[in-house]
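Here's the structure, in structure tokens; my notes come after.
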Amino acid sequence: MSYILLLDKINKSNFNQGKIEELYSILPEIIIIKDEPDFNPDIVGSCDVSYRSFAIVSYVAWSVSKRCVVEEITRKKEIPAEYIPGRFALRELPLIAEVLLEISSQIDCLILDGHGIAHPQMSGLASFAGVLFKLPTIGTAKNLLVGEYESPVLKRGEHSDIIYNLEKVGEALCTKDDTSPIFVSPGHLIGFESSRRLILELAINSKFPEPLRLADINARKSSL
DNA sequence: GCGACAG
DNA sequence: ATCTTGTCGC
Ligand SMILES: [Mg+2]
């Protein structure tokens, strides 16, 4: 229903490797790192992929108000491209797009495994997804691609800025006591504050946001 | 040219 | 990401 926009955008963009490559250059001008007027997400979706000789993509939708999974699907796909640091969207975005086209429930915010604007050209996977799908997106990564940070105190809720070219591009966020921080960077249509708050709130059974943790588990077990 | 390098 | 056993800790 609400994915007519998604379908439309993908068709207009003639979604393919070439178009993604084109978008890498103009994405910085399109990205909006600011909350939408009444940003208060309930359905938070997340996607993750397990790679073998093929790819297993899993999508999990989590309801913040109900505190439970409201939808989840897993699909086997062909791997679109090899992994190249800084060009992750070429590999994972096509897979995510295909799976999102199949879901029926709404998505108020999408959390992805990778960076948002904490990228050389502010074009991390999450930023790419946000622009293409016209959705608020947050990038959550285990490691840094670019930038520097001072480790925050290892206490849930503590955080420090990730600085790249003298600019703040994200935060190292401790989501669990005595556990190494995860890197959070807004992708599109959301700010640093809301990104941090949502990720922290969703870090329930691990240091990672619940829907992403579950998508990772689903994808991995289905790839065996 | 060397080293760094999301997943 | 994946290849892989044990080990430390809650
Ligand atoms: Mg992943």
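Chain A is the first sequence line, chain B the second, and so forth, proteins listed ahead of strands; every chain is numbered from 1.
A straight line from CG of A/Leu95 to P of B/dG7 spans 16 Å, rounded to a whole angstrom. Rounding to whole angstrom units, NE2 of residue A/His115 and P of C/dA1 are separated by 12 Å. Put simply, CG on A/Leu144 is 9 Å from P on B/dC5, counting in whole angstrom units. Note: CG (A/Leu93) to P (B/dG7) measures 16 Å, nearest angstrom. As a whole-Å value, the separation of A/Leu90 CG from B/dA6 P is 15 Å. In this structure, CD1 of A/Ile56 is placed 14 Å from C1' of C/dT2, rounded to the nearest angstrom. Computed from coordinates, the A/Glu92 CD to B/dG7 P distance equals 10 Å when rounded to whole Å. The distance between atom NE2 of A/His119 and atom P of B/dC5, rounded to the nearest whole Å, is 15 Å.
Listed pair A/Asn143 / B/dG7 meets the phosphate criterion, a side-chain N or O lying under 4.0 Å from OP1 or OP2. For A/Arg91 and C/dA1, the shortest distance from a side-chain N or O to OP1 or OP2 is not below 4.0 Å. Phosphate contact (OP1/OP2 of B/dA6, side-chain N/O of A/Tyr83, threshold under 4.0 Å): present. One finds a side-chain N or O of A/Lys142 lying less than 4.0 angstrom from the OP1 or OP2 phosphate oxygen of B/dG7.
With salt bridges taken as basic N to acidic carboxylate O contacts below 4.0 Å, one links A/Arg87 and A/Glu21. A/Glu201 has no carboxylate O lying under 4.0 Å from a charged side-chain N of A/Arg197, or vice versa, which leaves the two without a salt bridge.
A cation-pi arrangement is present between A/Arg91 and A/Tyr51 under the rule of less than 6.0 angstrom and at most 45 degrees off the ring axis.
Taking only side-chain atoms of A/Ser50, from C-beta outward, the nucleotide of C/dT2, B/dA6, B/dG7 with the closest atom is C/dT2. Nearest nucleotide to the side chain of A/Leu125, out of C/dC3, B/dG7, B/dA6: B/dA6.
Aromatic ring pairs are classed by plane angle as parallel below 30°, tilted from 30° to 60° and perpendicular above 60°; the pair A/His119 and A/Tyr24 is parallel.
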Problem set entry | From CA spacing to verdict: side chain to side chain donor-acceptor pair (under 3.5 Å), A/Thr74, A/Asn218 | CA-CA 7 Å; A/Thr74 299; A/Asn218 288 348; 4.6 Å; no

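Nucleic acid contact class of A/Gly86 (heavy atoms, under 4.0 Å, all strands): base.
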